[in-house]
Amino acid sequence: MQVRNTQVMFYQLEEQLNEEASDENSLLHHACLQAAYFYRQKKKVFIYTEDQEKAHDIDEMLWAFDADSFVPHNLQGEGPSYGSAVEISWQNPTGRRPVLINLTQTMPDFSGQFSQIIDFVPCEETLKQLARERFKAYRQQGFTVGNQVAVTASKINEQTT
Amino acid sequence: MTPVEIAFSKDGLLAKAINGFSPRQAQTDMAIEVGLAIEQKSSLIVEAGTGTGKTFAYLIPALLSEKKIIVSTGTKNLQEQLFHKDLPLIRKALASNAQMALLKGRSNYLCRYRLNQYQETRGQLDAQTLTDLVKVKSWATSTQSGDIGELVSVQENSAIFPFVTSTVDNCLAKDCPDYDDCYLIKARKKAIDADLVVVNHHLFFADMALKETGFGELIPKADVIIFDEAHQIPDIASEYFGDAFSTRQLVELCTDVLQVYRTSLTDVKQLGKAAEKLQKTAQSFRLLFNYDPERGNWREKAKQSVLFQCFQALKTDLDFLYQVIKLCISRNEAIDNCFERAVNLLSKYDIMAKFDDCSMSFWYETTPRHVVLHQTPLTVAEKFSDYVKDSGAGWIFTSATLAVDGKFDHFAKHLGLQQAKNLLLDSPFDYQQQSQLIVPRYLPEANNKNRALALAELAIPLIAASNGACFMLFTSYRVMNQVAEHLADKIDNPLLVQGQMGKAKLLAQFIEDPQAILLATASFWEGVDVRGDKLTCVIIDKLPFASPDDPLLQARCEEVRRQGSDPFSQIQLPQAVIALKQGVGRLIRDISDKGILVICDDRLVNRPYGEVFLKSLPLMKRSRDLGQAAQFLQDITS
C-alpha cells in the first residue's frame, strides 16, 4: 500500500478580516478549490475529515460551489460503488486514490498510500501549532514536505486553464 | 426608434393600454429581434426564461408587421389562452383591426353527418352517454363554430364525442351530404382568410406533412411562423414525417364494411366473409404480442417466424377485402370511402414490410386490444430545413427551455436550423432567493428494495413543512404506487395518485384541497400551471432520462454512434436537461413564487455530467441538507 516519495504541500490560509469568513470557512473554501483543481487534472481525491458533520460541511460547500468549477463527489456510503472523482469521509479510505486532502488535526495513519497530500495551516494559534506537529510527523515518515501561501480563487482558475 | 421599440417604451402603446406595464429590457430585446427576423424573412431561436413576457414579445412585432401570421403552440389550452386572453389585449393596445382565427384539430369540431347517423343507428346507451347526447343535440342547433370546447357541461373525455366528431378515416369529405355546412371546413376557411391564426403543433405538422389531404394550404400562405413551446417540435415533427399502421384501422374498416354489407349491399356475400376474415387475423396478430402493453423494435420482432407469418396473412386478407370492395365501387358513398381506406392501408402495410430501411426507425407499440406499427425518420433536419428555406417566411422558435449549457446546438441540429440566429434571455426571477435545489444524502441505490420506503420517509417532513403543497414525480408507476402505499400508512394528507382519475380532475382536486399531495409520473407536469403557495415543493425520484428501452431512442442513438459521436452527450443528456428545466419552470411561475426542488438522484452530484445540468438550470440555491430545506418551506408557509 505504501508509495514512494509522498509529496506533501501545506497551504497557509490568510488572515480573515470579517467574521463571516472564518478560519473554518476559509479552510473549506480552499479544500474545495484544491478538489476542483485535481478533478480538472483528472486525479482522484480523498478528503478526510474529523467527523461526519465536517464531512457534510465540505459536501455542502462542494455542491453549492460555482457551476464552472463543478466537482463530482460523494460521501462514503453513497454514490457509485467505485466512488466518484472526489470522495469525502471521516473514516479510512476504501479504494486507491492518488491525492489526499487532510482536514483533520493529526497526520492520518494511512497517509503513506497517497502520492500527494494537501494540508492547511490555519491562522488561529492552537490550530497553527497542530499544523506544525503534522508538518513534523509527515517529515518523520520520510515524505517531501513543502509549504506555500494559499492562492485566491482567481489564481487557481488561471492555473487550471 | 422602430415601431416595435416605441410600442414597448415607457410611454408607448403598451404602457398606455395595459395597467401596470413597465418596459423590461429582455422583453424589448426579444421583440426587436423577432421584428428583424420577420423583416428579413430569417429564422430566430429564442430561449426566454420564465417571466420574460415572451408572448407579448413575439405577438407585438408580428402584428405590427401587418403580414400573414401563424402562431403555433403546445396545447389546446395554450391556444385558447392566447386567443381569448392575450390577443384581445394586444389588439386593443395596438388598435389593430387584424382578423384573427383559432383553428383546432379535426376531433374538436362537431360532425353534423355523424351526429345524424348516430341518432338513427345508435344502440343501447348508458345513462351518462344519453344525457351527453341530449346536451350535444341541443347545443348543435345553436353553435356557430361547432367547437366542442364550447360544451362545458359535457366532460372532455365523454364517450359521446367519438360518435359526433370525425376522423380522417371516416370523413366523407367532398362526398358528404353536409359538406357545405361542415364546421371543420368553415374553420379552415376562416383560418386561411385570417391575418393571424392560432394553431397547435400537431395541427401544424399534420398540415406540413400533408397528413390530411385537402389541407396543406394554410402554411404556404403565411409570411411569419411563430412556435411557442418550441422545445416540443423535434418529437412532434418526427412523428408526422413518419407513418403508422394499426390493427385498429383494420378492424374499424372491417366494422364499417360489415355495416354496409348488412344495410345496403346485402347481395355481396363476399364482403361479409372478407371483412370477418381480416378482423380475425388482426385480432390474432395482437395475441402474438405480450399481454401487457409495451413498445419494442419492429425490425427485431418481425424476425419471429410465427409472428411474421401472421403479418403476411394480414396482407393476404386485406388484399382480398380490397378486391371484393373494388367490385362494389360507386354503388354508394360509404363503400367508396371504404375502398379508399383499403388502398391507403395497403400502402401503409407495404411501408411497414420494408423494415430494412436504415434511415428509419421501425417500432411497435401495443394497447390492450391493438398493435400499432410505426416508421419514424431518425432525423427530420433536412426535410424541415428545406421547408423553412423554400417557404420564404420568417420563422421564430421560442420556449423557456431550449438551451443546454447555454447553447442551442441540440435543438438546432434536430431541425437543421444551424443557420438561425440565437438569443438567450435570462428570467427576471431571483432564483437564489426564491428557490432551492436539494439532492438528499445517502439515498439507497435505484434498485434497492428499500428505496420506496426511503423516498416516503424523506418526503414526510417536507410534506409537513410545505403544508401539503407538494408534488411527487416518478419515473415508474411501480415506485409511485409503492411510495403511495407507504405514505398512506404514515400520514393523514389525502393522496392524489395518477390513474385514480383524469389529469384535469386530479389537478383541480389538488388545488382545491390544501392538504392534498399529488403523486404522478414525470411526464405529468409538462403544461401544469399551479401558481403561488399550493405548490412549493416538488420531489423527483430520478433524473428524467428517457427509458433506454424506448425503440425510437435506441435507433437515434445507434445513428449517432454510426456517425462517430457519443449518443449520451448528443441525445440522452440534452433531452433530460430540457425535461428538468421544464420542471423548474413549473415550480417558479412568478416573481413572488418560492419553492424547492428535491431530486432524489445523487448522480447529479457525483457524475461529471452534473455540471451540464447545473449550468443549464436557473441559478437556484443548492443544498444537500433536508433539514434546512424543510426550514425554508416552513418560512414560506408561515
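The chains referred to below are lettered A, B, ... by the order of the sequence lines, with proteins before strands, and numbering in each begins at 1.
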Legend entry - From N74(A) atom CG to R607(B) atom CZ, the distance as rounded to the nearest 0.5 Å: 9.5 Å

Inset, instruction - Indicate the ring-plane relationship of F46(A) and F114(A), choosing parallel, tilted or perpendicular according to the 30° and 60° boundaries. - result: parallel

Legend entry - Centroid-centroid distance, F397(B) to F408(B), less than 6.0 Å: no

Legend entry - Partner chain A: residue of E611(B), R441(B), K615(B) with the largest heavy-atom pair count (under 4.5 Å): R441(B)

Legend entry - Pair Q628(B), S623(B): side-chain N/O donor-acceptor within cut-off below 3.5 Å: yes

Inset, instruction - Below 4.5 Å from any heavy atom of chain A, which atoms of D602(B) appear? Answer side chain, backbone, both or neither. - result: side chain

Legend entry - Contacting region of L619(B) [heavy-atom separation from chain A under 4.5 Å]: neither

Inset, instruction - Kindly compute the distance separating CE (M620(B)) from OH (Y431(B)), expressed to the nearest 0.5 Å. - result: 8.5 Å

Legend entry - Heavy-atom pairs under 4.5 Å with chain B, option from V71(A), D68(A), D59(A), L62(A) with the top count: D59(A)

Legend entry - Residue part contacting chain B, namely of Y39(A), when any heavy atom lies under 4.5 Å: side chain

